[in-house]
Amino acid sequence: MNKFKDIEDLESYLNKSVKSTGFKTPDSYFTGIEDRVSLNLFTENLPKETGYKVTDDYFNGIENQILEKTINQPKVISLRKRIVTWIPAAAAACIVLFLALNYSTKAISEPNNDEIFSWFENNLITVSNTDLAIAFEENELNELDFSNSFNDNELENYLEDIDDTILYNEFEEE
Amino acid sequence: MLVDETTLVEQLQDKHSKEKAFRVLISQYKERLYWHIRKMVINHDDADDVLQNTFIKVFKGIDSFNQQSKLFSWMYRIATNEAITFLNKKAKERSIDISDYQQELVTKISDDNWFDGDEIQLILQKAIAQLPQKQQLVFNMKYFDDLKYDEMSEILGTSVGALKASYFHAVNKIKDYIENQTD
């Protein structure tokens, strides 16, 4: 049941009761409001475009330029990264090699006499006269057959034809 | 159709889709970033360089982007820093202050083929150039780019209250400058 008789009665009631809406404003809000309104009116009259412009196709072309410098750029792997990547592989290889060298049971086969003679004939092995003297006992050297002797003329011809440098080198070695 | 940021970031951080997603990123944001940069460096060729450097940095840094801010805010911040670094470098080469360098650029703007503004637009650019760096940024971002204060706060790392104050001071100085020019 409406307790107010008419609108005047309602107004009279409201005037006597709470006037505040409960809403608040920041301190000094109304102090600077004239300035703010004035500035807003000012900016309303400013141009909204800067005046700067670009060519019609600028934005079409810029994408490719950027892609050339990013996605299409060849990847550069730093030296440090390469080294770090290879360290584990190198370490593993060293361990395998170490184990192979120290624990291998396969003997190195000895060369046979034919192989040794071949090496001498092809000058793959050189032995000095001193080494020969050490290797052979005197009696073994005495047993060597010098039946293929040379007569004096043959010997003289040999000595005249031979390169002197060879003789000097042989004397120097002795 | 614009791709939403969350999806775009996921694609950018996935090596299988990074390339395609980066093309989409450039396509979606190149103009907004360009005009933001251009308003700072004035000259088109310089803006072009800075824009490309910005996208290169985005490409290199996207894998470590932690999404604590929006993707666009992050890119906008990179663009801002690249532009400021560029201006500082140019000013240092000339042995002058960055503000003096920018004002010098704007003085020559009427001779620039890539500026077709009228007299009031020219005066406005000169007015902006004489503002401190932060106020220039705030004014351009609020007035020309229509960014909200929340967005600007995320980009510049400044509180909304400070940004509002900055904008208020910027507009006041621009008003004084223009009124002095037109008296």
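For clarity, every value in this text was computed on a predicted model and none was experimentally measured. Labels below follow one simple rule: chain letters A, B, ... track the order of the sequence lines, proteins then strands, and each chain is numbered from 1. All values below were derived from every heavy atom in this structure, side-chain atoms included, with hydrogens, water molecules and symmetry-related copies excluded.
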Can you say whether [X] sits under 4.5 Å from chain A via the side chain, the backbone, both, or neither, judging by heavy atoms?
| X | answer |
| --- | --- |
| B:Phe115 | both |
| B:Leu124 | side chain |
| B:Ile174 | both |

Return yes when atom [atom1] of [X] has more than 12 non-hydrogen atoms of other residues, nucleotides or ligands closer than 6.0 Å, and no otherwise.
| X | atom1 | answer |
| --- | --- | --- |
| B:Glu179 | CD | yes |
| B:Lys18 | NZ | yes |
| B:Lys126 | NZ | yes |
| A:Glu8 | CD | no |
| B:Glu119 | CD | no |
| A:Lys48 | NZ | yes |
| A:Asp56 | CG | no |

Is the shortest side-chain N to carboxylate O distance from A:Glu63 to B:Arg23 below 4.0 Å?
-> no
A side-chain contact here means heavy atoms from C-beta on lying under 4.5 Å apart; do [X] and [Y] qualify?
| X | Y | result |
| --- | --- | --- |
| A:Asn40 | B:Val171 | no |
| B:Asn172 | A:Phe42 | no |
| B:Phe22 | A:Thr70 | yes |

Evaluate the ring planes of B:Tyr34 and A:Tyr58, with Trp represented by its six-membered ring, and classify them as parallel (under 30°), tilted (30 to 60°) or perpendicular (over 60°).
->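 Taking A:Tyr58 first and then B:Tyr34, their aromatic rings sit tilted (interplane angle of 30° to 60°).
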Judged by atom type as modelled, is there a donor-acceptor pair below 3.5 Å linking the side chain of B:Lys30 to the main-chain atoms of A:Ile62?
-> no
Quick one: does B:Gln121's side chain have a donor or acceptor within less than 3.5 Å of a partner on A:Glu49's backbone?
-> yes
Here the gap from A:Ile71 atom CD1 to B:Lys20 atom NZ, rounded to the nearest 0.5 Å, amounts to 12.5 Å
What is the distance from atom CD1 of B:Ile56 to atom CD of A:Glu68, rounded to the nearest 0.5 Å?
-> 11.0 Å
If contact means a heavy atom pair closer than 4.5 Å, which residues of residues 36-53 of chain B contact chain A?
->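 If one takes a 4.5 Å heavy-atom cut-off, the residues of residues 36-53 of chain B near chain A are B:Arg38, B:Lys39, B:Ile42, B:His44, B:Asp48, B:Leu51, B:Gln52.
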Chain A contact residues among residues 132-154 of chain B, heavy-atom distance under 4.5 Å = B:Phe139, B:Tyr143, B:Phe144, B:Asp146
Specify the closest pair of heavy atoms between A:Thr55 and B:Trp114, including all atoms of both residues, with the distance to one decimal.
->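 Minimum heavy-atom separation between A:Thr55 and B:Trp114: CG2-CH2, 3.0 Å.
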Heavy-atom closest pair, residues B:Phe168 and A:Arg36 | CE1-CG, 4.0 Å
Hey, mind stepping through B:Phe59 and A:Leu67 against side-chain contact (heavy atoms from CB on, under 4.5 Å) and telling me if it holds?
-> CA-CA 10 Å; B:Phe59 182 77; A:Leu67 293 170; over 6 Å; no
Shared hydrophobic cluster for A:Phe98 and A:Ile95 (ILVMFWY, side-chain gaps under 4.5 Å) = yes
Within one Ile-Leu-Val-Met-Phe-Trp-Tyr cluster: A:Leu41 and A:Leu46, side-chain cutoff 4.5 Å |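 Per the 4.5 Å side-chain linkage, A:Leu41 and A:Leu46 are not co-clustered.
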The interface call for A:Leu39 against chain B, heavy-atom contacts under 4.5 Å, is both
Please state whether the side chain, the backbone, both or neither of A:Tyr52 comes within less than 4.5 Å of a heavy atom of chain B.
->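 It is both, since atoms from each part get that close.
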